[in-house]
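Structure record follows, encoded as structure tokens.
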2 protein chains.
Amino acid sequence: MSEPTTRHPTPAHVTLAVVLQVRDGVLQALLWQRAREPFKGRWSLPGGYLAERDTLEDSIRRHLAEKVDVRELSHLEQLETLSDPTRSPREWQLATAYLGLVPSDIDPELPGDTDWHRVDDLPPLAFDHGSIVLAGRERLRAKLSYTNLGFALAPDEFTISELRDLYAAALGHDVSATNLQRVLLRREVLEPTGRQRASGPTGGRPGSLFRFRTSELEITDQFAVLRPPGPARLPVA
Amino acid sequence: MSEPTTRHPTPAHVTLAVVLQVRDGVLQALLWQRAREPFKGRWSLPGGYLAERDTLEDSIRRHLAEKVDVRELSHLEQLETLSDPTRSPREWQLATAYLGLVPSDIDPELPGDTDWHRVDDLPPLAFDHGSIVLAGRERLRAKLSYTNLGFALAPDEFTISELRDLYAAALGHDVSATNLQRVLLRREVLEPTGRQRASGPTGGRPGSLFRFRTSELEITDQFAVLRPPGPARLPVA
DNA sequence: GCAAAAGTGTTGTGTCTACACCCATGT
DNA sequence: ACATGGGTGTAGACACAACACTTTTGC
């Protein structure tokens, strides 16, 4: 298997990751400054060549491990594979992009050539990485609406206001804490922990703490329309 | 560019397509019977090796052109890239899978080693192709609910009953013609052509003919929830 | 008491399913 | 006339956004 029996020319293959986190109330992406040509000095997505015996997911986890502690990745999913033959000026190279998420309460140690950048205000990126970041953001936004993916942005415990700020940063628009709470509780995505956050120095009622019921991705708004026929589902007996 | 400057070992790369069509009122997939080892004689997805200077999409279109007339593909989108190092017994091989759709009124000429199979009753497939077919079906089902993707399953003109049968076959459950019509008209996905289908031999009111307003994929049910704030959108003035 | 922050009650709206009913055609 | 299939009217269920109001804290 390590000796391909094909006589077809094969492209180089790299894995890339759009790693997103809400930092300072803003959605940010982890970028890495290229040390070498092509695009020397430009910011780019972390990643690297696929090694033998690695799956694509293994590969991107391995490359990311050099930047951030992989245990800190709360979610990782494949985005798409890019194949424009001119996407790299030097070689025939395919790239499989992943979306990775990091909870907001974590501040990983980073090497000197690596830093967070606001997705709303990115510098020019190497290759086609700019459009990949935007694709990752769109995927995140869509899944926040119809899945429980919020778990990947949030700490283990949080108040509704804190969660609201995370959603607002990721979605790019204001979110009402009132309605967010009701939607996520109705869908049984959140559950109360029973504990409370202490009031801040300026006073105010202490907020109750919640947690996500599960850290596995689940679709919570299946069948937005064209449901299968049948009597209405019982309202959670 | 045709001379990779990398010294990394590179995997073989193939493109595959799950081509789906509603035939005889049932969702079916286009399969091809392997002439050679490995998996000689087994049914498998059409596709083949990626050639230099091809994008992945070019590649799968080219391979499909040997089976069906590509102009008959009403939709083509990337599904995922598979990379398990053991997925092919002979070589290190990645596969990028696509979903292709063919309108129900077309009956392409097929070579002798190629045929349609009901997705609900597939034979054992080569490699990991069985799970890819199911992933394609799930993608189709999801997008039928929140996009106008129905255009890719339907002929240019159709009655609501005919469209209902297509949706039912693809979704795998009964669909109400009444509600289907109202949902798709409200969303302005369908428009009446003004023409009618003649009655069948057994009588019955002739059905009005409709068409999809566009054959570009559009999201018609954006923001199922967590809409951006603001006054309610005007009800289509 | 007053400001600040959290949380609940309530109303209105839009979208969907279900089902009854009416319409147009062939025999 | 009556069977067959197409289409409309309408009622009820539900989920959501918006906003007023109440509760709990610090000062």
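All of these numbers come straight from a predicted model, not from anything done at the bench. Atoms considered below: every heavy atom in the structure, side chains included; atoms not considered: hydrogens, waters and symmetry mates. Numbers restart at 1 for each chain; the letters A, B, ... are given by sequence-line order, proteins then strands.
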Taking only residues at least two apart or on different chains, which pairs with a member in residues 176-215 of chain A satisfy ring pair (Phe, Tyr, Trp, His ring centres under 6.0 Å)?
A/F158-A/F212
Under 4.0 Å protein heavy-atom contact, by nucleotide of nucleotides 19-27 of chain C - B base, S sugar-phosphate only
B---BBBSS
Salt bridge (Lys or Arg N to Asp or Glu O under 4.0 Å) partners of residues 117-133 of chain A, not counting sequence neighbours, each pair once
A/R87-A/D128, A/D120-A/R137
Any chance the side chains of A/T147 and A/T220 put a donor and an acceptor closer than 3.5 Å?
no
Tell me what A/S161 touches on the nucleic acid: a base, only sugar-phosphate, or nothing, going by heavy atoms under 4.0 Å.
sugar-phosphate
Below the 4.0 Å mark, does D/dC16 have OP1 or OP2 next to a side-chain nitrogen or oxygen of A/R187?
yes
So what is the 5' to 3' dot-bracket string for DNA chain C, if pairs are Watson-Crick or G-U wobble with both distances under 3.5 Å, crossing pairs use [ ] and | means the partner sits on another strand?
|||||||||||||||||||||||||||
Can you tell me if B/D156 has over 12 outside heavy atoms packed within less than 6.0 Å of its CG?
no
Under the 3.5 angstrom rule, does the side chain of B/T81 hit a backbone N or O of B/T96 as a donor-acceptor pair?
no
Could you tell me how far apart B/F210 (CZ) and D/dG7 (C1') are, to the nearest whole angstrom?
9 Å
Set of residues satisfying side-chain hydrogen bond (donor to acceptor under 3.5 Å, both in side chains) with respect to A/W32, sequence neighbours excluded
A/D113
Measure from CZ on A/R164 to C1' on D/dA17 and round the result to the nearest Å.
15 Å
Show me the donor-acceptor pairs within less than 3.5 Å that the side chains of residues 15-27 of chain B make with the rest of the protein, sequence neighbours left out.
from, atom 1, to, atom 2, distance (Å)
B/T15, OG1, B/S59, OG, 2.9
B/Q21, OE1, B/R23, NH1, 2.8
B/Q21, NE2, B/P103, O, 2.8
B/Q21, NE2, B/I106, O, 2.6
B/R23, NH1, B/D107, OD1, 3.3
B/R23, NH2, B/D107, OD1, 2.9

Going by heavy atoms in the side chains, are A/L101 and A/L140 under 4.5 Å from each other?
yes
